[in-house]
Amino acid sequence: MDPNEITRNEPVNFIQAIIDKDKKNNKYGGRVHLRFPPEPNGYLHIGHAKSICLNFGLAEKNNGLCNLRFDDTNPSKEEIEYIESIIYDVHWLGFDWEDRLYYASDYFEQMYQDAISLIKKGKAYVCDLSPEEVKDYRGTFTKPGENSPYRNRTVEENLDLFQQMREGKFEDGSKVLRAKIDMNSPNLNMRDPIIYRIMRETHHRTGDKWCIYPMYDYAHPLEDYYEKITHSVCTLEFEDHRPLYDWVLENLNAIDAPQQIEFARLNLSNTVMSKRKLRMLVEAGYVSGWDDPRLPTISGLRRRGYTPEAIRTFCDRIGVAKTNSTVDIRFLEHCIREDLNKKANRVMAVLEPLKLIIDNYPDDLVEEMDCENNPEDPTAGSRKIPFSKIIYIEREDFHNNPPSKYYRLSPGREVRLKNAYIVKCTNFVYDENTESITEVHCTYDPESKSGQPGAHRKVKSTIHWVPAKFAKKAEIRLYDYLLTDNIGEHSEDDSDNDKDFIKMVNPQSIEILKNSLVEPGLQNAKPGEKFQFMRKGYFVVDSDSTQGNLIFNRTVSLRDSWERIMRNN
RNA sequence: UGGGGUGUAGCCAAGCGGCAAGGCAAGGGACUUUGGCUCCCUCAUCGGAGGUUCGAAUCCUUCCACCCCAGCCA
């Protein structure tokens, strides 16, 4: 059998199909080499995660390599802080570029020399047109461009001028280097695109060594080529740039030139992905920072309690195609529930406490109840929780006048207290002043203790609880979708819908509960630890949490079919 | 308007001429000391119209819709 023959059960995305074909034809000598090339001008979000998983994933599947490369060709927008956060996040997601961490800025000299080659071939020229004039000469969609009056300078003159540009002889914006292609091209990117500009800006890595910087369209194909990239994967909006990408490499006589392949960026329902909109939310104070648990940033998701595994599973399952699409955020939620269901220990926490007194239970008795840590994982073991006469239950688990299909506690009815006894409601106390129920009275069935023979008796419902005397106070933060609706986002810089988008910010995206109670063992929980609060959802200890001031973030609620019953009524 | 792309269920997404995978969501049901998990069942004729073919989501023609491009951003 041909070793290059690839057999797979799973459907293959169109990029993998291209790679399969290239391997079969022994293109690039059978090598597969990709890269994830962020510009260090902001924090990574789940849209980047899609690209990271795609690139590193394809490398892994094909026995290839994937580089991490910072595309730092514009010092006016880039900062070290972003480089550090990006490195941290990509590692956190679980990917390894080994020793292949690169910077476009490391190639500045080589790029400069290649520009000289283009000039020598008569393929590039120095242009003195002002930015406004460049724009006017470019023409429009329907009107062809006009040649720059500087287009026919001699090679010698261009060489001399370009060197002087580098030496800082000219002011910012006064000259540019342009590729000489075709001012009549229907593709505006091919109308003598600017490939170098003069910009006196201190670069975070090269300092003040350079005052000219290459443009993306010129730099990117070279970066890929220098690193021997085979498949240069980027997003759809660069499709029109592909002819220029190829032009640069062709005119430099590149051998085994990399090929650019475009896929659709990720959009998620009920949130935003573009840097500018994310920034608006942070700067206008709609959220607390770039790692606010409501944001789709990697740092936000991490603080929210998302695991790298869930994010990667999500990215793998949404697929890769060229269709603009918006993935339902409920699919992301499904992925984290699925992961945490296997991993998170079950504990009891009462978010909105209601006192319950067991009148026939001995006043001073404390029993240690045995609780299984995770029914999905037998190796997770069990723990003891103290039980006594006064406990707290969830306020919504008692109803003095229960609606139909309500299975929980109400006057005269029985429920099981999880891992403890069956109790029957005998009475409750209503406070006229606060117009609320302040306590519930029950009697318990001593024969019904969990694990004992009498425990087999079935009751309609089981509810969670915490012991009044031993429970710990905690702050619990509940999150809801960032936006109440979906916003169409197909490119990074779509500013048309900025106003509409602010109108969609969900005013109830966060709810903070200050008086919640958790079982005593949670006292020592450390930031980042994840739990399932039984019947309520998955929660993570917030990064600001301390032993004396416990804070939990709700990662995601449990699926709730009772809520659905209520909603459908 | 010129160019470049995309259109398969509420949301993703396979399919590449032979009688529409899968997942999420939704709705039923079984099980259950989490109204959780798990398990079972239900849920499309492929943007429209023509045509080619014994046979088309897949080929051809044409129309329509949506997205991207006129930064010395990436």
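Labels below follow one simple rule: chain letters A, B, ... track the order of the sequence lines, proteins then strands, and each chain is numbered from 1.
The same atom, P, is picked in rG18(B) and in rC11(B); the two are 28 Å apart, to the nearest Å. Here the separation of rG3(B) from rU8(B), taken at their P atoms, is 24 Å to the nearest Å. For the C1' atom pair drawn from rG17(B) and rG22(B), the interatomic distance equals 23 Å after rounding to whole Å. Nucleotides rU58(B) and rG51(B) place their C1' atoms 15 Å apart, quoted to the nearest Å. Comparing the same atom, C1', in rA56(B) and in rU45(B) gives a spacing of 11 Å after rounding to whole Å. Annotation: rC59(B) and rG15(B) have their P atoms spaced 13 Å apart (nearest Å). Between rG50(B) and rG71(B), the distance separating the two P atoms is 44 Å to the nearest Å. Here, rG29(B) and rA14(B) have their C1' atoms 29 Å apart, quoted to the whole Å.
Few gaps surround NZ on K169(A); more than 12 heavy atoms of other groups in view lie less than 6.0 Å from it.
The side chain of T140(A) contributes no N or O atom lying less than 4.0 Å from OP1 or OP2 of rG2(B). The phosphate of rA74(B) (OP1 or OP2) has a side-chain N or O of R197(A) nearer than 4.0 angstrom. A sub-4.0 Å separation between OP1 or OP2 of rC73(B) and a side-chain N or O of R276(A) is absent.
In this structure, D560(A) does not pair ionically with R535(A), as no charged nitrogen and carboxylate oxygen lie closer than 4.0 Å. Contact check on D339(A) versus K343(A) returns a salt bridge, with a Lys/Arg side-chain nitrogen under 4.0 Å from an Asp/Glu carboxylate oxygen. By the 4.0 Å N-to-carboxylate-O rule, K77(A) lies too far from E201(A) to be salt-bridged with it. Residues E227(A) and R35(A) are not paired through a salt bridge, judged by the lack of any N-O separation under 4.0 Å between the basic side chain and the carboxylate. Using a cutoff of 4.0 Å between basic side-chain nitrogens and carboxylate oxygens, R151(A) and D192(A) are scored as salt-bridged.
Pairing for rU52(B) is absent, with no Watson-Crick or G-U wobble pair whose two atom distances lie under 3.5 Å. With a cut-off of 3.5 Å on both pairing distances, rU58(B) has no Watson-Crick or G-U wobble partner at all. In this structure rU42(B) sits in a base pair with rA26(B), meeting the Watson-Crick or G-U test at under 3.5 Å. Applying the Watson-Crick and G-U wobble criteria (two distances, each under 3.5 Å), rU8(B) pairs with rG15(B). Within the shown strands, rC69(B) is the pairing partner of rG2(B) under the Watson-Crick or G-U definition, both distances less than 3.5 Å.
Here V327(A) lies in heavy-atom contact (under 4.0 Å) with sugar-phosphate atoms only. At the heavy-atom level, F238(A) lies under 4.0 Å from base atoms of the strands shown. Among the heavy atoms of the strands lying under 4.0 Å from T73(A) are primed sugar atoms or P, OP1, OP2 only; no base atom is included. Within the 4.0 angstrom heavy-atom criterion, only backbone atoms of the sugar-phosphate kind lie near K322(A); the bases stay farther away. Across all strands, S185(A) comes closer than 4.0 Å to no nucleic acid atom at all (heavy-atom distances). Across all strands shown, M215(A) has heavy atoms under 4.0 Å from sugar-phosphate atoms exclusively, and none from any base. Looking at heavy-atom distances under 4.0 Å, L236(A) makes no contact with the nucleic acid at all. Looking at heavy-atom distances under 4.0 Å, L266(A) makes no contact with the nucleic acid at all. Contact annotation for S325(A): backbone-only contact, meaning every heavy-atom pair under 4.0 Å involves sugar-phosphate atoms and none involves a base. Within 4.0 Å of V459(A), counting heavy atoms only, lies no atom of the nucleic acid at all. H464(A) comes within 4.0 angstrom of no nucleic acid atom, judged by non-hydrogen atoms across all strands.
Considering only heavy atoms from C-beta on, Q532(A) stays 4.5 Å or farther from N345(A) through its side chain.
Side-chain atoms of H204(A) and E79(A) include no donor-acceptor pair closer than 3.5 Å.
Spacing between atom CG of N324(A) and atom C1' of rA65(B) amounts to 13 Å, rounded to whole angstrom units. In this entry the distance linking CE of M165(A) with P of rC72(B) reads 13 Å, nearest Å. With rounding to whole Å, R191(A) atom CZ is found 12 Å from rG71(B) atom P. In this structure, the CG atom of L244(A) is 16 Å from the P atom of rC69(B), given to the nearest Å. The NZ-P distance, from K143(A) to rA70(B), rounds to 16 Å in whole Å. The OH atom of Y218(A) sits 17 Å away from the P atom of rC72(B) (whole-angstrom rounding). If you take CG of D485(A) and P of rC11(B), they are 13 Å apart, rounded to a whole angstrom. L188(A) places its CG atom 16 Å from the P atom of rU1(B), with the value rounded to the nearest Å.
Classification of the F331(A)-H334(A) ring pair by plane angle, with boundaries at 30° and 60°, yields parallel. Taking the six-membered ring where tryptophan is involved, the planes of F36(A) and H48(A) are perpendicular, since the angle between them exceeds 60° and thus also 30°. The aromatic rings of Y196(A) and F162(A) stand perpendicular to each other, their planes meeting at an angle above 60°, with 30° marking the opposite boundary.
Here the options are R457(A), K424(A), R408(A), the test is salt bridge (charged side-chain N to carboxylate O under 4.0 Å, His left out), and the partner is E414(A); only R457(A) passes.
Evaluation of atom-type donor-acceptor distances gives no pair under 3.5 Å for the side chain of N187(A) against the base of rG4(B).
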Exercise. Does the salt bridge (charged side-chain N to carboxylate O under 4.0 Å, His left out) test come out yes or no for R197(A) and D172(A), once each step is laid out?
Worked result: CA-CA 8 Å; R197(A) 74 280 218 186; D172(A) 286 16; over 6 Å; no
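The side chain of F141(A) has rG2(B) as its nearest neighbour among rG2(B), rG7(B), rA74(B). Of the candidates rG71(B), rC68(B), rG2(B), the closest approach to any side-chain atom of D240(A) belongs to rC68(B). For E237(A), the side-chain atoms get nearest to rC68(B) when compared with the rest of rC12(B), rC73(B), rC68(B).
A syn orientation is assigned to rG71(B), its glycosidic angle lying within 90° of 0.
Nearer to the 5' terminus of RNA chain B, by closest-nucleotide assignment, is the contact made by T142(A) (compared with the other of T142(A) and K77(A)).
Looking only at distances, no side-chain donor or acceptor of H399(A) sits under 3.5 Å from a matching main-chain atom of P402(A).
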Seminar exercise, completed: Counting primed atoms, P, OP1 and OP2 as sugar-phosphate and everything else as base, the B/S/- map of nucleotides 41-47 of chain B against protein heavy atoms under 4.0 Å is -------
Problem set entry | B/S/- contact track for nucleotides 20-39 of chain B, protein heavy atom under 4.0 Å | -B-SSSSS-----BBBBB--
